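On a predicted model such as this, the values are computed, not experimentally measured, just so you know. To find a chain, count down the sequence lines: A is the first, B the second, and so on, and within it residues start at 1.
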Amino acid sequence: MPQPKTISVLKKRSEFLAVAAHRKRWVSAGFIVQIAPRDGALSPSIAYGLTASKKMVSSLAVDRNRARRRLRALAQTFLPALGLAHANYVFLAKKDILTLPYETLRCDFEKALGRLKV
RNA sequence: CCAGACAGCCGGAUGGCCGCUGCCUGCCCCCUUGCGGGGGUGGGGAGAGGAAAGUCCGGGCUCCAGACGAAACGAUGCCGGAUAACGUCCGGCGAGGGCGACCUUAGGGAAAGUGCCACAGAAAACAAACCGCCUGCCCUUACAAAAGGGUCAGGUAAGGGUGAAAAGGUGCGGUAAGAGCGCACCGCGUUUUUGGUAACAAAAACGGCACGGAAAACCCCAUCGGGAGCAAGACCGCAUAGGAACCGCACGUUCCCUUGCAAAAGGGAGCGCCGUUCUUCGUCACGGCACGCAGGUUCGGGUUGGUUGCUUGAGGUGCUUGGCAACAGGCACCCUAGAUGAAUGGUCAUCCCUUAUCGCAAGAUAAGGACAAAACCCGGCUUAUAGGCUGUCUGGCCUU
RNA sequence: UGGGGCGUCGCCAAGCGGUAAGGCAGUGGAUUUUGAUUCCACCAUGCGGAGGUUCGAUCCCUCCCGCCCCAA
């Protein structure tokens with residue numbers, strides 16, 4: 001729940017590529033999670049990035065924005081408690097994230113984070 | 001009440017919990033001489049659209065380019081007005097559609113020129129004779145008349161058939177048969193007059209039909225247009241390097257002045273050459289005529305961070321004045337998103353609406369909530385759009 | 001942001017004002033004992049969609065839809 005700032009956001013293209021190159025991921029119905037180790041010296045020990053592409057989600061900007069917001073809501077709420085320290089996460093949205101109930105997404109989120117190790 | 005036309009508006013509502021991005025602000029800490037900056041933690045307030053879309057036009061703004069003109073290229077195209085501008089809007093005109101309210105309209109020029117009009121048809125554009133009709137001549141029956149005929153000579157655009165289109169239409173006269181050959185009306189053209197700013201309309205006279213379509217075929221005429229775009233542009237930081245290769249250079253000439261004995265040097269003017277603007281050309285302007293600096297092209301290498309531009313603007317709302325209107329003027333009030341792997345939300349509840357099922361009904365349950373999200377900013381156009389509301393008008397039916 | 005191009009049968013495609021070539025594939029038949037090859041025949045509710053110009057549009061014009069490429 002509301003904690004002092006313990007997570008930050010990935011913004012650079014090179015950071016996204018580094019996480020993808022680590023090749024560890026978990027696939028669920030609504031999204032895909034990728035994980036990579038994070039430099040321990042950086043002050044927030046967890047960081048995440050979001051991707052909603054035209055190919056995987058929808059060609060409409062409205063749908064892509066909604067998919068990204070649902071993912072961001074999940075990450076902001078549960079990642080500080082469930083995420084591993086010194087890790088970078090990247091979430092890729094899939095088309096079904098627009099229609100799945102929130103409760104299902106929450107269960108998938110917990111399961112995916114439990115399975116992934118650096 | 002039904003059907004319809006036009007104009008305008010809305011684009012789910014309220015609340016709880018948890019968040020995001022700017023702005024204002026209280027407190028604490030750190031850096032700084034100071035201005036100020038950074039971090040933490042509270043509070044307040046703001047936060048997608050009518051199309052934000054497609055990127056089809058027009059501008060503002062910014063940078064680049066020495067000025068102007070012509071050609072080329074592109075766009076527009078009835079008339080008048082509005083506007084910063086437009087291919088937009090408003091008001092008219094003409095043409096077409098609808099019983100009507102109203103709607104549609106790329107609508108300059110075809111006697112400046114070139115080209116096109118397939119098939120069919122005799123003929124498709126300085127018209128033309130296939131059938132037919134008529135006259136003459138000739139032949140035959142049977143001398144003439146009449147009828148029939150002809151590898152004959154003419155006349156004829158009334159009739160036939162073809163075609164999208166056949167060279168004014170209808171009627172009367174006229175004729176060998178016909179024909180604007182003549183006349184009346186209609187159409188067309190020219191001229192004049194009247195009304196109108198104009199497009200155009202109306203009337204009169206004359207002409208006697210001359211002028212087919214098509215310019216969304218080329219084209220001509222008129223008007224407009226310099227190019228690129230906020231990834232424009234500016235600043236800071238970082239990094240690399242002070243790279244490599246190649247290209248080009250007119251080495252002019254005449255006169256005058258100054259210094260000098262002279263050689264020569266400096267300055268000025270003319271001609272010539274070279275360079276400088278956007279595809280080309282021209283006129284003018286500016287600069288140059290040097291063995292040394294600068295220039296151009298290509299290759300190689302580095303950065304793809306931050307700040308700014310960035311939201312006060314042809315701005316909104318209300319009242320009012322002018323105008324048929326688009327719109328313009330005046331006064332008052334208001335400040336209403338500024339993100340950049342890109343905020344403006346997630347979730348829950350109640351209500352509203354729609355659909356489905358159950359039910360006589362009240363109602364219950366379930367599913368769902370149109371299109372579509374700013375990316376420098378405006379004015380338009382086009383396209384998408386569930387459901388709903390308001391006003392004016394038209395046609396029909398019923399009742400009084 | 002700016003610029004350019006393409007949609008024609010299941011596939012590859014020509015045509016670019018006058019009734020839509022051709023090849024591959026498919027279907028049927030002939031040849032063959034059978035198959036391949038070869039030969040013959042058949043195969044497009046109308047050229048991505050909607051309007052307009054024209055007598056007539058795949059072609060010309062306008063607006064949409066889908067796809068691709070280039071520059072920064």
Side-chain angles (χ1 to χ4, degrees):
Chain A
M1 288 291 300
Q3 294 190 357
K5 208 165 197 179
T6 55
I7 57 176
S8 72
V9 181
L10 303 177
K11 288 192 175 181
K12 287 191 180 179
R13 176 173 172 78
S14 55
E15 295 169 338
F16 280 78
L17 292 176
V19 173
H22 196 59
R23 309 191 66 80
K24 285 208 171 182
R25 59 181 184 175
W26 180 259
V27 181
S28 71
F31 53 89
I32 300 171
V33 189
Q34 294 174 326
I35 190 169
R38 181 175 173 80
D39 189 352
L42 294 172
S43 69
S45 61
I46 307 177
Y48 72 98
L50 303 171
T51 295
S53 68
K54 264 188 190 177
K55 267 189 183 175
M56 286 178 65
V57 182
S58 167
S59 62
L60 291 179
V62 175
D63 294 340
R64 291 199 298 276
N65 284 344
R66 181 173 167 80
R68 197 157 45 220
R69 280 168 187 149
R70 293 193 85 174
L71 270 182
R72 180 182 295 118
L74 287 167
Q76 289 281 347
T77 312
F78 301 110
L79 198 59
L82 300 172
L84 298 168
H86 308 303
N88 283 331
Y89 291 90
V90 169
F91 299 91
L92 312 176
K94 294 170 70 177
K95 193 178 182 57
D96 291 337
I97 199 171
L98 299 173
T99 51
L100 286 172
Y102 184 73
E103 197 62 22
T104 309
L105 290 177
R106 193 180 61 79
C107 292
D108 286 346
F109 194 85
E110 290 176 353
K111 193 196 291 181
L113 290 190
R115 295 280 189 126
L116 278 174
K117 300 281 184 288
V118 179

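In this model, the phosphate group of B:rG346 is approached by a side-chain N or O of A:Arg66 to a distance below 4.0 Å at OP1 or OP2.
As judged by a 4.0 angstrom heavy-atom cut-off over every strand, A:Arg69 is placed among the base-contacting residues.
Nearest to the side chain of A:Val62, among B:rA343, B:rA372, B:rG341, sits B:rA372. With distances taken from any side-chain atom of A:Asn65 to the nucleotides B:rG19, B:rA342, B:rA373, the minimum falls on B:rA373. Of the candidates B:rA343, B:rG346, B:rG19, B:rA343 carries the atom nearest the A:Arg68 side chain, counting heavy atoms from C-beta on. Closest to the A:Tyr102 side chain, of the nucleotides B:rA373, B:rG346, B:rG341, is B:rG346.
Per the geometry, CG belonging to A:Leu50 stands 13 Å off P belonging to B:rG341, to the nearest Å.
Heavy-atom nearest nucleotides on RNA chain B were determined for A:Asp63 and for A:Val9, and the one closer to the 5' end corresponds to A:Val9. Mapped onto RNA chain B by nearest heavy atom, A:Leu10 and A:Leu60 fall at different nucleotides, with A:Leu10 at the one closer to the 5' end.
In a base pair of the Watson-Crick type (N1 to N3 plus N6-O4 or O6-N4) or a G-U wobble (N1-O2 and O6-N3), with each distance short of 3.5 Å, B:rA217 is matched with B:rU114.
Partners of A:Arg106 by salt bridge (charged side-chain N to carboxylate O under 4.0 Å, His left out), not counting sequence neighbours, listed by chain and number: A:Glu103, A:Glu110. In terms of the side-chain contact (heavy atoms from CB on, under 4.5 Å) criterion, residue partners of A:Ile32 (sequence neighbours excluded) are, by chain and number, A:Arg25, A:Val27, A:Met56, A:Leu92, A:Lys94.
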